[in-house]
Structure formats: C-alpha cells, structure tokens
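Remarks on the structure that follows.
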Amino acid sequence: MPFDSIDESCIQNQHKIKFLMHWFYRNAALIFQLTQKDDEIKHPTLTAVPPVSVHLYDSAQKHVMSVPPDLHQQYLQTCQNLSQPENHFVAHVLQEADKGDNSRQTKGITLKIAGNNRLVPVQRVTDEDVQVLASVLCSAVFVTGLDLRYNNLTDVGVRHIATFLQSNETLLHLRMTGNKIGNKGGMYFASMLQVNCTLEKLDLGDCDVGTQCLIAIASVLTQNRAVKAINLNRPLLYSQEEETTVRIALMLKNNSSLVELHLCKHEIKSLGVERLCEALYENCSLRYLDLSCNKITRDDVKFLGELLKQNQTLEILDLNSNRIEDDGAIYLSEALALYNRTLKALSVVSNKISGKGLVALSQAMKINVELSYIYIWGNNFDEAACMAFSELIQADRLKPNCTDVEPYEVDGHVHLAELSHGLKKHYYWTPSYGEVKNAAANASLAITAVSEYF
C-alpha cells in the first residue's frame with residue numbers, strides 16, 4: 001500500500017475518533033438517563049453520587065479543552081437531545097457569556113443564573129434545566145464560578161451537579177443559596193467533596209440541610225484541603241445539644257485550609273462557643289468567623305475574649321444579632337485593646353449593648369489601630385456612646401465607610417443615624433436597577449477576598 005494511502009487512512013481514523021468522542025459528549029446526559037432505573041432514588045451515603053457519566057464528562061472535557069465552545073449553541077443542542085424545553089433565562093446568560101472577549105480563557109468567568117435577579121426577566125432553574133446545564137459545562141473549562149441561588153432546585157438537580165463536579169477540575173466556586181435541596185441534596189455535596197480537589201467556595205446557606213448533612217460535611221472537610229470558604233447558614237436543626245457545632249469544631253482542629261466559615265442561625269449557645277474557641281487555639285488558617293443570629297450571651301463571650309488574646313489569624317468576627325450586652329462588649333474591648341492586633345472588623349449589631357459597653361469598644365479602637373471596621377447599630381445609644389463614636393469619626397480614626405452609623409447634632413446634642421453599611425448587608429438583597437456600587441455595604445469583600453461570592 002502506498003504511503004500516501006496510509007496517511008489518508010490514518011487521518012480518516014482520527015476524524016472518526018474525534019467524531020465518536022464528540023457524539024459521546026453530546027449524548028452523555030441522555031446515556032446517563034437511560035442507564036438509570038425508574039425506581040425511587042435510594043437514601044444517599046458518602047458514596048452515593050452515581051459515577052455512571054463521570055468518564056463521559058471527563059473525556060469530553062479533555063477533548064475540547066483547547067477549543068472555546070459556543071455555550072449557547074451547545075445548550076440548545078443538548079436541550080434537543082434530551083427533549084427538554086429551553087429555559088430562556090439560562091439561554092440568555094450563556095449567550096451573554098459567549099460575547100466575552102478572549103480574556104475569559106485565562107481569567108475565567110462566573111455564570112450568574114440567580115433566580116432573584118430583578119434586572120432581567122427570570123425563568124427559575126429547575127432540576128431538568130440543571131441536568132442540561134451540567135452537560136454543557138463539561139466543555140466550558142473557562143467557567144470558574146456558578147451562581148444558582150434562589151432557584152427551584154431539589155436533591156434531584158443536586159445529583160446532576162455533584163456528578164459533574166466529581167470530574168470537573170476548573171469550577172472554583174458554587175453558590176446554591178436558597179435552593180431547598182434538603183438533607184439528601186446536602187449529602188450529595190458531601191460525597192462530591194470527597195473526590196473533588198478544586199472547588200474552593202461552596203455556599204449552602206438557606207438550603208434546608210439537616211444534622212446528617214452538617215456532620216458529613218464536617219467529616220469530609222477534615223480531609224479536604226481545597227475548600228477555603230463554606231457557608232452553612234440556617235440549617236434545619238431539631239436538637240438543642242449542639243452536636244453539629246461540636247463536629248464542626250473538631251473539623252477546625254484538623255483543617256488547615258479553611259479561611260471563611262459561616263454558621264449563622266445554628267442555635268449556638270455556651271457549649272458551641274466554648275468548643276469552637278478551643279478548636280481555634282489550634283487552627284491557624286481561619287480568618288472570617290460568622291456567628292451571627294445565634295444565642296450567644298455575655299457569659300459565652302468570655303471564651304471569645306480569651307481566644308482573641310492569643311489568636312493571630314482571625315480578621316473578621318461577626319456577632320450580629322446575639323445578646324452579649326455590656327459585659328460581653330467589655331470582654332471583647334479588653335482583649336482588643338491590650339492583646340489582639342490582627343482583628344480588622346467586628347460586628348456587634350443588635351446585641352443589647354448600652355452606653356457603657358459601646359464606650360468601651362470606642363476606647364479599644366483608640367488604642368488598637370488595626371481594628372478598622374466596627375458595626376454597632378441596633379444597640380441602646382446614650383449620649384456618651386454617641387459622643388464617643390462621633391469623636392472617632394471626626395478624628396478620622398473611624399472612616400465613614402467602615403461603620404454603620406453617622407453622627408448628627410440636634411439642639412446641641414449628638415445623635416447617631418444608621419447607614420446601610422455592613423460586612424454582608426446585601427447577602428439576600430439584589431438591586432432593582434443598575435449594579436451595586438456601594439462597596440461599604442459588603443465590607444468583608446475588601447477585607448477577605450475569599451468572601452467575594454458569599
């Protein structure tokens with residue numbers, strides 16, 4: 001056989017191989033669907049995420065890594081293959097992503113498919129929609145962030161996402177806030193984190209996860225070294241024993257990579273605070289601790305005060321909506337004035353603190369120049385407290401955009417007015433027009449970059 005015939009045959013074979021790989025990728029989700037049984041999904045365990053389509057996802061991803069895909073066209077084609085109706089909101093977001101310049105290949109992009117977006121018409125994402133989306137994202141190696149908050153996803157949709165993430169090596173942050181995925185959906189994510197080594201930020205806030213899920217995630221994060229920030233806000237807990245907080249504290253003793261931890265609305269009381277503080281004596285990585293909306297009292301703050309005397313890593317402490325009162329504020333003030341020089345931001349909003357405690361905090365700020373952000377609205381302001389913070393602001397010790405109060409004078413008396421500033425003031429809020437320009441409303445972004453997507 002002539003050499004030119006051999007070369008031509010090789011080229012044809014290469015084209016056939018590429019065609020077959022492309023066909024498998026296009027139909028990966030359909031193949032996965034056909035191979036599943038019709039009976040009800042079993043209760044999840046830490047190995048429950050089905051591996052059926054992992055290799056298809058993986059091979060497809062490697063095949064197209066060098067070719068920027070047309071996400072919109074791939075989405076329409078996959079919808080057709082799976083006989084799924086098009087979600088016009090998802091299609092719009094993907095179409096806008098395709099218009100990006102070549103920098104997306106190096107910098108990466110975030111697909112913002114939030115169901116509470118009020119700037120464009122929104123068709124909330126369902127479990128069927130996310131199955132199609134997961135198939136499309138296999139080839140989108142430049143997509144580093146996915147924002148799916150406040151959609152209509154359940155544990156069924158999470159199963160598709162978790163399967164996709166088992167083999168994905170490019171997605172860095174995922175936001176699921178407000179999707180009622182329940183304990184079962186949370187367990188799928190716990191299983192995924194055993195395998196995935198690239199996901200850095202995971203937001204499961206307000207997802208109705210339960211005790212089983214929190215314990216599983218705490219166990220997985222003992223070994224996982226990739227996750228840097230996790231939001232576990234507002235789980236559904238039916239016990240007062242603080243078992244989940246104790247498990248999370250045990251995890252912190254062994255984890256050396258977690259930078260940001262949100263435990264809002266965990267029913268944390270004395271035992272939980274004590275165990276968390278014990279763990280943080282040994283932890284050298286955590287910089288942002290969110291304990292807002294718990295049941296922390298003035299006596300519990302003693303543990304935090306003692307911790308701050310020795311801890312050299314915490315930069316943000318959020319105690320918003322607890323009940324630390326004057327005594328708790330004084331405990332914190334002593335630690336911040338005499339010992340701690342690493343904490344940069346403190347929120348004690350709505351903590352039943354009166355003038356005595358607020359004046360103590362203002363005195364600590366005069367001594368500790370590292371503490372730059374403080375949020376105090378919702379407490380009981382007397383004239384002494386108003387004067388103390390007015391002096392800090394007028395002396396430029398406290399910048400107006402680093403606090404949530406502004407002084408004003410009436411009939412010779414100084415008062416404080418509220419400003420829309422905070423660590424994460426706009427966590428639930430989205431604008432009805434334009435983009436969010438007020439960085440002071442989400443000051444944690446300027447302090448700890450990891451919190452960008454929380």
Looking at T342, is its backbone amide N or carbonyl O close enough to the side chain of N340 to form a donor-acceptor pair, meaning the two atoms are under 3.5 Å apart? yes

Starting at CG of L202, measure out to NZ of K228 and round the result to the nearest 0.5 Å. 14.0 Å

Any side-chain heavy atom of I268 sitting closer than 4.5 Å to one from E242? yes

Looking just at side-chain N and O atoms, do H173 and E200 make a donor-acceptor pair shorter than 3.5 Å? no

Stepwise side chain to side chain contact (heavy atoms under 4.5 Å, CB included) test for F189 and I181: CA-CA 10 Å; F189 278 124; I181 66 175; 3.9 Å; yes

In the structure I gave you, are the side-chain heavy atoms of L286 and V259 within less than 4.5 Å of one another anywhere? no

Dump the intermediate steps for side chain to side chain contact (heavy atoms under 4.5 Å, CB included) on N294 and H266, then the final yes or no. CA-CA 6 Å; N294 282 292; H266 272 243; 3.7 Å; yes

Does CD in E418 sit with more than 12 non-hydrogen atoms of other residues, nucleotides or ligands closer than 6.0 Å? yes

Is a side-chain donor or acceptor of D206 paired with a backbone partner of G178 at a separation under 3.5 angstrom? no

Scan N87, I161, L146 and name whichever one has a side chain to side chain contact (heavy atoms under 4.5 Å, CB included) with L133. L146

Do the side chain of S444 and the main chain of L423 share a donor and acceptor less than 3.5 angstrom apart? yes

Are there more than 12 heavy atoms of other residues, nucleotides or ligands under 6.0 Å from atom OH of Y339? no

Evaluate the side-chain proximity of N255 to V227: yes if any heavy-atom separation is below 4.5 Å, no if none is. no

Could you grab the distance from atom CG of N380 to atom NZ of K356, nearest 0.5 Å is fine? 14.5 Å

After noting the C-alpha distance and the side-chain angles of L276 and L291, does the key distance pass the side chain to side chain contact (heavy atoms under 4.5 Å, CB included) rule? CA-CA 10 Å; L276 286 172; L291 298 178; 3.9 Å; yes

Using side-chain hydrogen bond (donor to acceptor under 3.5 Å, both in side chains), reason through S390 and Q394 one step at a time and then give a plain yes or no. CA-CA 6 Å; S390 176; Q394 290 176 359; 3.3 Å; yes

Please check if any side-chain donor atom of N254 sits under 3.5 Å from a side-chain acceptor atom of T222, or the reverse. no

Can you tell me if D299 and T297 form a side-chain donor-acceptor pair at under 3.5 Å? no

Atom CG in L338, atom CZ in R341: separation rounded to 0.5 Å? 7.5 Å

Would you confirm whether N233, through its side chain, and G205, through its main-chain N or O, come within 3.5 Å as a donor-acceptor pair? no

Is any side-chain heavy atom of V93 closer than 4.5 Å to a side-chain heavy atom of L71? no

Gap between atom CG of D147 and atom CG of L174 - 0.5 Å precision: 9.0 Å

Is there a donor-acceptor pair under 3.5 Å between the side chain of N351 and the backbone N or O of I353? no

Determine yes or no for a side-chain-to-main-chain donor-acceptor pair under 3.5 angstrom, with N196 supplying the side chain and Q166 the backbone. no

Contact between T170 and F142 at the side-chain level, heavy atoms closer than 4.5 Å - yes or no? no

Any heavy-atom pair between the side chains of L214 and L237 that's under 4.5 Å? yes

Would the number of heavy atoms belonging to other residues, nucleotides or ligands and lying under 6.0 Å from NZ of K180 be above 12? yes

Closest non-hydrogen atom pair, C386 against F381: SG-CB, 3.8 Å

Looking at N179, T126, D129, which hits side chain to side chain contact (heavy atoms under 4.5 Å, CB included) with L153? N179

Smallest separation among heavy atoms of C277 and L307, with atom names: O-CD1, 3.8 Å

Check the pair I376 / V349 against side chain to side chain contact (heavy atoms under 4.5 Å, CB included), numbers first and verdict last. CA-CA 5 Å; I376 60 171; V349 172; over 6 Å; no

Could you pull out the closest heavy-atom pair between L398 and S372, with the gap in Å? CD1-O, 3.6 Å

Return yes if some donor-acceptor pair links the side-chain N/O of S239 with the main-chain N/O of E241 below 3.5 Å, else return no. yes

Within 6.0 Å of NZ in K352, more than 12 heavy atoms from elsewhere: no

Please confirm whether H421 and Y373 have ring centers closer than 6.0 angstrom. no

Can you name the nearest heavy-atom pair linking C293 to C264, along with the distance? CB-SG, 3.7 Å

Could you check whether any side-chain N or O of N151 sits under 3.5 Å from a backbone N or O of V125, counting only pairs where one atom can act as donor and the other as acceptor? yes

Are N320 and S347 close enough that a side-chain donor and a side-chain acceptor fall under 3.5 Å? no

Residues 326-339 vs salt bridge (Lys or Arg N to Asp or Glu O under 4.0 Å), sequence neighbours excluded, gives R298-D327

Flag the pair L236 / V209 as yes when at least one side-chain heavy-atom distance between them is below 4.5 Å, and no otherwise. no

Treating E370 as the side-chain partner and K344 as the backbone partner, does any N or O pair qualify as donor plus acceptor under 3.5 Å? no

Is the backbone of D70 close enough, under 3.5 Å, to the side chain of D98 for a donor and an acceptor to pair up by distance? no

Before giving the answer on side-chain hydrogen bond (donor to acceptor under 3.5 Å, both in side chains), spell out for E383 and H413 the whole-Å C-alpha distance, their side-chain angles and the decisive distance to 0.1 Å. CA-CA 8 Å; E383 189 165 0; H413 296 280; 3.3 Å; yes

Checking I113, N117, T177 against R149 for side chain to side chain contact (heavy atoms under 4.5 Å, CB included), the one that qualifies is T177

We want to know whether S270 and E274 form a side-chain donor-acceptor pair, criterion being a heavy-atom distance below 3.5 angstrom. no

CD1 of I367 to OG of S362: how many Å apart, nearest 0.5 Å? 10.0 Å

Nearest heavy-atom pair of L252 and L261: which atoms, and what distance? CD1-CD2, 4.0 Å

Over 12 foreign heavy atoms within 6.0 Å of NZ, K309: yes

Exercise: do N231 and H262 side chains pair donor with acceptor under 3.5 Å: no

Check whether the side chains of Q74 and S139 place a donor and an acceptor atom closer than 3.5 Å, and report yes or no. yes

Once rounded to the nearest 0.5 Å, what's the spacing between atom CD of Q240 and atom CG of L271? 12.0 Å

Any side-chain heavy-atom pair from L361 and L346 closer than 4.5 angstrom? yes

Taking the basic N atoms (NZ, or NE/NH1/NH2) and the acidic carboxylate oxygens, is any pair closer than 4.0 Å for E267 and K295? yes

On a heavy-atom basis, which atom in L280 and which in N311 lie closest, and how many Å separate them? O-ND2, 3.6 Å

Using a strict threshold of under 4.0 Å (side-chain N to carboxylate O), is an ion pair present between E306 and K302? no

